[in-house]
Amino acid sequence: MVGATAADDLQTKASSLLVRNVSKVHVSADGTHVAALSDVSLSIAAGELVSLVGPSGCGKSTLLRLIAGLDAPSSGELRIGANPISGPSAERGLVFQDPNLFPWLTVRRNIESGLAARNVLREKRHDVDDFMRLVGLESFANAFPHQLSGGMAQRVALARALVNHPRVLLLDEPLGALDAFTRMRMQDEVLRLWQNRGTTMLLVTHDIDEAIYMSDRIVMMTPRPGRIERIIEINQPRPRQRNSSEFLELRGRILEMLHFAGENAQAPNR
Amino acid sequence: MSMEGISTSFVMSPPAKAAAPRRSPGPRAILTAAAPFIATSVALAVDRLPSHQTTLPSHLYPLLLEITLGLSLIALLLQLALAPVRTWFAPKAPLLAAFVLLLGFWDLITLKLALMPLPYFPGPDLVIQNLVDNWRMLATCTGYSLLLLSVGFMVGASLGVFCGVLIGWSIRFRYWGMPVLKVLGPIPATALVPLALMLFPTAFISGTSLIALAVWFPVTMLTASGIANVRVSYLDVARTLGAGRVFLIFRVAIPAAMPSIFIGLFMGLGASFLTLIVAETVGVRSGLGWYLAWAQQWADYGKVYAVIVIMAFFFSGLMTLLFKLRDRVLVWQKGVIKW
């Protein structure tokens, strides 16, 4: 979709991420304490694509919000590169399941808002065109968000986050609301963006196939309290085949670990 | 203040299938096209009846009807000849016809049948005569009213948005501001007339401040609620884009609260009309409200109705203006919600 030269211009420096002994306790309205995350440690190399997988309530989104700086941990430390994370910043872009486009702005102005928020719109306005081309939305520049399909809206949200050249891109189930076909197409798009730009990506997902298809490593989490149960490395070369025997074997193993394989299921080739 | 005007704009919807254009118009379409002409003929026929009330003979009303008759005949012929004219005119025809019929009915129950007592219910001829005879005075009064109203509305709306943003955004302002708002806000501005007259050096300033107060309350209330209810995820997204507080307030919270702010502005505009008329009646010795009270004192009901007609156009014109502004500012809502 884009030539290599255009992609090179958009290349940014990626950063590593370090999560060390992080816990997060939510205090609910009636005063009860709920441990959302308990002693989580995770190290992500610059340029890596890591998935967080686990059932609801395992603290995946909480961890993402902590890394984004939107919430503060109850204990432990978070670092991006060598710097501690103390609040939200444009170096850590975040894309939610709901695209959360500003409905009062056109597609173009939504993407520009990343630059406007940092007061660099004047100098960097020409970047916006590159990013609209990158996500294939040039012809929708003046459309309002409600006129877009779910997939298009999510592409705008990606472009809006990417226009700031974040060192880390945090994705909170970004494709969760899309239909199966759009989702698979978008997985390829996100992979393409990742490969072109080399940004570190941390992807929260419910979808095991998505995690296997996309990530370098899968971090499996368990709920109550949220903690990391296991980290699985995926060494298959990209582009991966969704129906290859290695893919299916891995999928079976992960389902078994999550106890979703079925009553009498046997993991193949164990 | 009623909120009815907010969800329904001034768009006239055509009754039934009046707008469906066909090559050769059917009997229904012809009837619709001819409706204004028929109605005007009826009104003119009523006007020709012998009068049961003795008033000054006025030639303006019949002249107006005759002009309308001519225009509606031209409109009818054009519609029969040209389909596009029919499509354009058909939705308006029944309303126009009804309006002219209403004039005829008014003429009938006042001048012709003398069912309504004088001087309280003059016929349309007298009111139209007054509109024309006193147009200079009425225009001057409209000008004064417009000045008082626009200054008061602008001040009240600006203060309201300002206070609303503070109260909606900051917990501290909410703590101190809400009680003040809850106690002061519901007092009808008109109840403060004596206080305002005493506090301010000129009647114009006291009138302006009363109108500003009447506008301020709903605008503050609705702005604060709009700001406080901005989706948190919009703010979260903006923060991860590197936004500071100024951007969060001015580029996220306020635009997101705009629909709510406009509801406050509509309510405030309604309140400002009421306050304007009261202020002009009791304090400010000029404007449409003053003219109304003055004409009523002289039992000159022709003038009373004339100024009410002016008010109707004046106020609905201002409402329409605010609707137009809303349509521009909230153009992004088109297709999301029904206005």
Side-chain angles (χ1 to χ4, degrees), chain A residues 61 64-71 85 87-107 109-121 124 142-148 156-172 174, chain B residues 6-7 161 164-165 168-169 171 174 222-223 225-265 322-339:
Chain A
S61 296
L64 221 58
R65 285 183 67 86
L66 293 179
I67 296 170
L70 292 170
D71 293 325
I85 292 172
S89 146
E91 65 178 9
R92 278 162 282 127
L94 178 57
V95 176
F96 295 90
Q97 176 175 350
D98 184 324
N100 278 314
L101 300 179
F102 301 130
W104 55 91
L105 298 179
T106 59
V107 164
R109 299 281 305 271
N110 257 289
I111 297 174
E112 283 178 356
S113 65
L115 300 171
R118 292 187 300 140
N119 279 322
V120 294
L121 183 57
K124 306 218 166 169
N142 296 317
F144 280 105
H146 70 85
Q147 297 165 316
L148 304 178
V156 179
L158 278 166
R160 181 176 62 177
L162 290 172
V163 79
N164 275 333
H165 300 276
R167 288 161 173 267
V168 174
L169 187 61
L170 306 166
L171 302 160
D172 193 353
Chain B
I6 288 141
S7 48
V161 170
V165 170
W169 185 262
I171 293 169
R174 170 171 288 266
L222 270 295
T223 303
S225 125
I227 297 278
N229 288 308
V230 171
R231 252 165 71 175
V232 179
S233 49
Y234 290 154
L235 299 169
D236 282 349
V237 165
R239 282 194 187 101
T240 61
L241 293 174
R245 187 149 48 148
V246 174
F247 187 90
L248 290 178
I249 294 176
F250 288 94
R251 306 291 288 277
V252 181
I254 293 180
M258 260 315 163
S260 181
I261 294 175
F262 265 97
I263 294 177
L265 289 175
L322 190 58
F323 271 111
K324 289 259 185 275
L325 181 69
R326 197 263 323 251
D327 292 357
R328 275 188 74 94
V329 174
L330 298 184
V331 64
W332 54 272
Q333 279 196 320
K334 217 162 212 167
V336 181
I337 59 158
K338 273 247 190 298
W339 285 339

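Each chain gets a letter, A, B and so on, in the order its sequence line appears, and its residues count up from 1. All values reported here derive from a predicted model rather than from experimental measurement.
- The minimum heavy-atom distance linking A/F102 with B/V237 is given by the pair CZ-CG1, 4.3 Å.
- To the nearest 0.5 Å, the span separating CD1 on B/I254 from CH2 on A/W104 amounts to 11.0 Å.
- With a 4.5 Å cut-off on non-hydrogen atoms, A/D98 touches chain B through its side chain but not through its backbone.
- Contacts of A/L170 with chain B are absent, with no heavy-atom separation under 4.5 Å from either backbone or side chain.
- For chain B, the option among A/A116, A/A161, A/A68 with the highest count of heavy-atom pairs below 4.5 Å is A/A116.
- Residue B/F247 comes nearest to A/S113 through the heavy atom pair CZ-O, 3.9 Å, listed as atom of the first residue, atom of the second, then distance.
- Counted within 6.0 Å of CZ on B/R174, heavy atoms from surrounding residues, nucleotides or ligands total more than 12; the atom is thus considered enclosed.
- Under the side-chain contact (heavy atoms from CB on, under 4.5 Å) test applied with B/L241, the options A/L115, A/V163, A/N164, A/L94 reduce to a single match, A/N164.
- Remark: A/D71 CG to B/D236 CG distance equals 8.0 Å, nearest 0.5 Å.
- The contact between A/R65 and chain B is made entirely by side chain atoms (from C-beta outward), counting heavy-atom distances below 4.5 Å.
- Contact annotation for B/V252: both backbone and side-chain heavy atoms come within less than 4.5 Å of a heavy atom of chain A.
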